S.K.: 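Before we start, here is the structure in question, set down as structure tokens.
Read the numbers this way: they start at 1 and go in the same order the structure lists the ligands and their atoms. Because the structure is a prediction, the values reported are computed rather than measured.
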Amino acid sequence: MTQSRREFMSLSAKAALLALGMNAGLPTGLFAAAKTTGFDSPLPLPGGSGLYGLLAPKGNVALMATKVPGLLPATGAPMLAYAATQGGKTFQNPVLVLRKGQQFNATLVNMLPEPTIIHWHGVDGPWRQAGHPSYAVGPGESYDYSFPVTNRAGTYWYHPHPHGLTAKQSYYGLSSFFIVRDAEEEAFAKELDLRLGVNDIPVVLQDKRFTPDGQLDYSPSMEDLLMGYLGGSVLANGALRPTMKVATRLYRFRVLNGSTARLYNLAFVQGGKALPFVLVGNDGGFLPAPQRLTEVFLAPGERVDVLLDLRALAPGQEVFLQNLPFDPMHNEMGGMMGGMMGGGMGGGTGGGHESGGHGALGEGDSYPIARLLVERKQTYDRKIPAKLPALAQPASGGPVRPIALAMRHMGGWTINGLTYAMGEAPIVVKKRGLETWQIHNPEASMPHPMHLHGYFYRVLERRGSPAQVRSRAVDGQGRLATDLGFKDTVLVWPGETVSLSIDFRTPNYPGEQLFLFHCHNLEHEDQGMMLNVRVL
Ligand code: C2O
Ligand code: CU
Ligand code: CU
């Protein structure tokens, strides 16, 4: 409680700087009109250098984890970043752009005062290349990576993974995109006249708390560690309420939820209406077919690849990337707290809860994140293909492995009753073949985005879904549009049982492997909601 009050006051004091127009003043109805002031900074777009600059590695890239003064677009505060140079240009948190089949060589140089290691999230690679926490290197040390890029085209990412420090280091800025391209994806982009950094825009969403002088503040209370650390300001590519100037054409946004804990229900809102958009990809690249949507849940670690058609708009019109109301389902205290803390669908309490250190902005509140401002007309006559690059859909089957998520009696989250122990591997895949994992999250719980390293999976079925999830099902298995295709992170809502099909034969890593399965709520992960997975 004190935390969020402190933040509220500090933000008020910094009104000129942060121009938040706190959510307390926002109407709580569905599609609440976005507050249209304060959108005067540009959305940082990946360019040829600098923060989130596009870097196609030529030879080995050195990524130096370090504190960079003045880097955070929102307040000019220092932030942690991976600093790199290539061809005389300097980058911070470069958006790495790779081609399928190419060799990737990188060296992490740890300039932090504590251990760190880079994990390539969603990127195929044997476990020694994947950033297991047992490989964390100390201050002044480095770690070499070298592996071929075998993923299909898609939007992957990278972030720190030292045990117990993942949330903090990510929060202070360490993370960026790892984009893989291949011939099919390049043909798709050409067909739609999409260019990375111009009209194909990677956007990372992260919520932050600030100290009175605009510094990033990561100081979770016990309650924050239990539920996740929420910030009162949601940044897009590090900027608060930024604007991107657009033309009347098609845009592609690759949206990554890089927050430690916050869930989003994203929409593109214009004049009080959610515009339709087309979901073409998720964690594992292209979906089997395009999906037309008006809103989409995005949990920490997940990515969506969407196309937004702005042809019907006129210069001067605005579209807001906005969070729409939903029930964040914080039912961890048996539902009693849920009503108090969750805000709830269309409830009168959507103005944010200062309880629970949840920050001043509730997950289920209606709030704008970024603005698209139509600046000019453009003739554009390309059509979204009805088919996307082919996706092999392997058979499912094999042994069923039940995975139970639960809260321990004295607090803290467990998987199959266990928390992380570096030297133990409670999940052993004895025979490399198909397995079905059935993840169950009890009613008296909260949503957990569950992530597996090393292998993609397919979502087979959702059972017991809450109404706000069930209503979005696209098939008889209760799956959501974002469940189609390949996933590496799946949100399991309270009450749900989600079945996954994992094929441990592909990739065919040489020798025994030790991967991780964990909750991508990074406070949960650091508190031990993670297990080693040994693949024999
Ligand atoms: Cu993105 Cu093990 O994490
Ligand atoms: Cu990962
Ligand atoms: Cu969790």
Side-chain angles (χ1 to χ4, degrees), residues 116-127 129-136 151 154-167 169-171 174-178 204 206 224-230 256-263 283-284 298-303 328-332 363 403-408 411-416 418-420 422 439-442 444-457 486-494 496 498 513-533:
T116 194
I117 189 73
I118 294 177
H119 167 57
W120 316 100
H121 180 132
V123 179
D124 296 340
W127 77 286
Q129 304 294 337
H132 190 274
S134 61
Y135 286 117
N151 287 78
T155 306
Y156 312 100
W157 63 301
Y158 62 103
H159 62 78
H161 223 302
H163 187 48
L165 297 169
T166 296
Q169 291 180 7
S170 305
Y171 187 91
L174 289 172
S175 70
S176 188
F177 293 86
F178 189 110
V204 55
Q206 292 164 314
D224 293 328
L225 293 177
L226 186 65
M227 278 170 284
Y229 191 74
L230 298 189
L256 158 66
N257 183 349
S259 314
T260 65
R262 179 176 289 264
L263 299 182
D283 303 352
L298 195 67
E302 287 187 306
R303 290 84 71 204
M329 299 195 75
H330 282 257
N331 300 339
E332 50 275 299
E363 288 176 285
I403 306 272
L405 312 179
M407 189 165 66
R408 258 196 316 232
W413 298 97
T414 61
I415 304 173
N416 287 348
L418 303 167
T419 54
Y420 190 65
M422 190 81 82
I439 310 176
H440 177 66
N441 193 10
S445 184
M446 60 177 284
H448 296 288
M450 301 307 294
H451 171 51
L452 177 67
H453 289 204
Y455 303 89
F456 280 89
Y457 47 75
F486 284 102
K487 291 289 287 173
D488 61 42
T489 306
V490 68
L491 185 61
V492 187
W493 293 86
E496 273 190 323
V498 177
Q513 302 290 315
L514 192 66
F515 287 116
L516 293 168
F517 177 62
H518 64 86
C519 181
H520 222 289
N521 177 314
L522 297 182
E523 281 75 36
H524 292 182
E525 176 193 329
D526 279 346
Q527 293 300 299
M529 195 178 188
M530 173 159 85
L531 299 179
N532 279 324
V533 179

S.K.: What's the separation between atom CG in Leu405 and atom CE in Met446, rounded to the nearest 0.5 Å?
M.R.: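 So the gap between those two atoms works out to 11.5 Å.
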S.K.: Can you measure from CD (Glu496) to CG (Leu491) and round to the nearest 0.5 angstrom?
M.R.: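 Going from CD on Glu496 over to CG on Leu491, the span is 7.5 Å.
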S.K.: Taking all atoms of both residues into account, what is the closest heavy-atom pair of Asn151 and Phe456, and its distance?
M.R.: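 Shortest heavy-atom separation between Asn151 and Phe456 comes out as ND2-CE1, 3.5 Å.
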S.K.: Working to the nearest 0.5 angstrom, can you tell me the gap between Met450 CE and Cys519 SG?
M.R.: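 So the CE of Met450 and the SG of Cys519 are separated by 5.5 Å.
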S.K.: Testing Phe515, Tyr135, Tyr455 for ring pair (Phe, Tyr, Trp, His ring centres under 6.0 Å) with Trp127, which one passes?
M.R.: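 Exactly one candidate clears the test, Tyr135.
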S.K.: Strictly under 6.0 Å, is that where the ring centroids of His132 and His161 end up?
M.R.: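 His132 vs His161: aromatic centres not under 6.0 Å.
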S.K.: Under 2.8 Å from atom 2 (Cu) of ligand 1, how many protein N/O/S atoms can be counted?
M.R.: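 Atoms of protein N, O or S type lying less than 2.8 Å from atom 2 (Cu) of ligand 1 total 3.
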S.K.: Only one of Thr260, Asn521, Thr489, Asn257 passes side-chain contact (heavy atoms from CB on, under 4.5 Å) with Pro300; say which it is.
M.R.: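 Passing option: Asn257.
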S.K.: Below 6.0 angstrom between ring centroids: does that apply to Trp157 and His520?
M.R.: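 Aromatic pair counts; centres sit under 6.0 Å.
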S.K.: If you take the centroid of each ring, where Trp contributes its six-membered ring, are His518 and His453 closer together than 6.0 Å?
M.R.: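 When the ring centroids of His453 and His518 are compared, they turn out to be within the sub-6.0 Å range.
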S.K.: Using the Cu ion (ligand 2) as the apex, give the angle to atoms NE2 (His451) and NE2 (His119), rounded to 10 degrees.
M.R.: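 That angle works out to 160° after rounding to 10°.
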S.K.: Mind running side-chain contact (heavy atoms from CB on, under 4.5 Å) on Ile403 and Phe517 for me, showing each step along the way?
M.R.: CA-CA 11 Å; Ile403 306 272; Phe517 177 62; 3.7 Å; yes
S.K.: Ignoring waters, how many protein N/O/S atoms are under 2.8 Å from the Cu ion (ligand 3)?
M.R.: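 Those protein atoms number 3 in total.
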